[in-house]
Amino acid sequence: MDYLEIEGGYILQGKVNISGAKNAALPLLALSLLAKNSFELYNLPEVADITTFGKLLTMLGATVTSNNYGHRSINTSSIHSTKAIYDIVRKMRASILVLGPLLSRFGHCEVSLPGGCAIGARPVDLHIQAMRKLGADIEVRGGYIIAHARDGLQGADIVFDKITVTGTSNVVMAAALAKGKTRIINAAKEPEVVQICEVLQQAGVHIEGIGTSEIEIIGSDREIIEFKPIRVIPDRIEAGTYLCAGAITNSHIMLVNIIEEHVESMNIKLREIGFDMQYQYDCNNICTLELFPATQPLKACRITTTEYPGFPTDMQAQFMALSTQCEGASFIKETLFENRFMHVNELQRLGANITIDGNIAQINGKTELIGAEVMATDLRASSALVLAALVAKGVSKIHRIYHLDRGYERLEEKLNLLGARVKRLNK
Ligand code: EPZ
């Protein structure tokens, strides 16, 4: 089993290229199920979840090929199954994203219930309710969502009781092939959802309200869609993670390939803590974000996770690691998931002074972290342990790094290029 061995205490410097966003790439891979033509995707992050989703599409009968790094060409004209099996879905809950496309294009599908994960129960009831509103007959039996819409889906008004990122993407994709108009009220505004909507709009689908909480889609009545080649947007969570790597080691680094507004909520917090940043654009309009080392002791701050454009829950663990180096008491309130503090116990093993009261963590700093053996529990928690290990005195070992490999492309390579001392070992 692979583990990372990190020797802490090194200042970072230089540039890091931000990869395509995993959470944009996954719904885009599902979107290929609506394509009439060969579906060309560029700037995909080569991470485990992308590989798994490719396997899922292949199991359904699609042809998935890659001409070079980060590219996929997907042909779904030969789909012969609409069943997403438990063995795939249990490994990657984002498989639920095939529900909408399969149902709207083929009129039936069976998708395994994803089950819970480390950070919470993560039900998919809102996805199921929405598909029923669009006219599907859905039965949940034997751990599977069994859905039928023999005459296709019918546009409807969908009100989400809670904002759901993949739920919104699922409904947008289902509505694109439905008959008539669908309105989504209380839609997610995350950039990853925006890209799905923009790609459909560029392919000729009538969509209004993109990036707002109310989206209107006029469906094609099962007419499959010709898509233009697509370039996946940069990963704002990977970017935030490297910003925290620079911040926790008080380094001067540059992040290449950023979209300003996607990282603004994190940057506001970094400025509060005491860091200065600067955006620069090159002649090709590629944005670089420069982080400067702090000149004063880092200040404690308060963070509440919320939906976009608020502070992202996927950056909560990373900022908790950073907060251990801030003077005073920082407070982090997690409002989206009921069990997203699994990294606290592991950060405490490194010496962090953290107490939890319900969904609020209090981090007392500044504490000197000491290298130790720790265990990753979920994707973002594991990145927080890497950040803590970068500043911890001595050597840390991080186990179960398959969590990391799901969503961070070439993590140790990128960190070592910045001057960190990270080794991937096996025992
Ligand atoms: C997406 O998950 C992301 N994953 C998550 O990133 C991210 O943490 C989350 O959005 C919130 O931003 C992908 O995009 C692949 P939700 P998703 O549906 O869509 C509740 C990472 O680290 N809910 O927006 O599954 C749910 O329990 C991952 O990259 C229901 O109750 O999240 C949660 O409390 C982790 N019923 C809240 O809504 C439903 O049917 C938000 O969940 C659906 C969701």
Side-chain angles (χ1 to χ4, degrees), residues 19-31 44-45 47-50 52-53 56 89 91-100 111 113-133 138 140 145 158-173 184 186-196 213 232-233 235-241 262 265-266 304-318 334-340 342-343 359 376-384 403-409:
S19 303
K22 164 183 80 84
N23 290 350
L26 294 170
L28 285 167
L29 287 165
L31 187 64
L44 278 165
V47 295
D49 272 8
I50 300 301
T52 305
F53 213 106
L56 171 56
V89 179
K91 290 181 192 131
M92 186 192 56
R93 40 175 315 101
S95 310
I96 191 70
L97 283 160
V98 302
L99 175 67
V111 178
L113 284 168
C117 80
I119 64 177
R122 301 188 71 186
V124 289
D125 56 317
L126 299 176
H127 297 243
I128 293 169
Q129 286 164 23
M131 296 304 149
R132 284 183 172 135
K133 281 284 282 179
I138 296 191
V140 179
I145 301 165
I158 310 280
V159 181
F160 276 127
D161 297 341
K162 287 176 88 168
I163 294 172
T164 163
V165 173
T166 50
T168 302
S169 295
N170 235 336
V171 171
V172 165
M173 293 190 282
I184 306 172
N186 203 23
K189 299 182 270 192
E190 272 68 4
E192 297 76 25
V193 175
V194 168
Q195 183 162 34
I196 291 291
S213 57
V232 179
I233 57 172
D235 192 323
R236 60 196 170 100
I237 305 302
E238 185 197 26
T241 304
H262 291 181
S265 62
M266 303 168 228
T304 299
T305 64
T306 183
E307 293 85 0
Y308 191 87
F311 189 93
T313 175
D314 291 351
M315 282 302 306
Q316 179 254 103
Q318 298 91 315
E334 173 56 61
T335 67
L336 274 86
F337 293 108
E338 65 271 27
N339 191 35
R340 202 167 196 174
M342 303 278 280
H343 41 284
N359 66 341
T377 51
D378 60 87
L379 171 56
R380 305 305 173 183
S382 37
S383 70
H403 292 292
L404 270 174
D405 296 337
R406 295 189 50 180
Y408 286 97
E409 186 182 59

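Read the numbers this way: they start at 1 and go in the same order the structure lists the ligands and their atoms.
The distance from ligand 1 to the heavy atoms of L379 drops below 4.0 Å at these ligand atoms: 22 (O), 29 (O).
Of the N or O atoms in V165, one or more lie within a sub-3.5 Å distance of an N or O in ligand 1. Below 3.5 Å of separation, one finds no N or O of F337 facing any N or O of ligand 1. Polar contact with ligand 1: present for P123 (N/O pair, distance under 3.5 Å).
Of the charged side-chain nitrogens involved, at least one lies within less than 4.0 Å of a carboxylate oxygen, so that R340 and D314 count as a salt-bridged pair.
Contact annotation for H127 and ligand 1: heavy atoms of both the backbone and the side chain come within less than 4.0 Å of the ligand. Residue D314 touches ligand 1 through its side chain alone, judged by heavy-atom distances below 4.0 Å. Counting heavy atoms under 4.0 Å from ligand 1, residue I163 touches it through the backbone alone. Residue contacts with ligand 1 for K22 involve side-chain atoms from C-beta outward but no N, CA, C or O (heavy atoms, distance under 4.0 Å). When non-hydrogen atoms are compared, ligand 1 lies under 4.0 Å from the side chain of R340 (C-beta onward) but not from its backbone. At a heavy-atom cutoff of 4.0 Å, ligand 1 is contacted by the side chain of K162 but not by its backbone. Within the 4.0 Å heavy-atom criterion, neither part of Y308 lies near ligand 1. Only side-chain heavy atoms of T313 come within less than 4.0 Å of ligand 1; its backbone N, CA, C and O stay farther off.
No side-chain heavy atom of V89 sits less than 4.5 Å from a side-chain heavy atom of L113.
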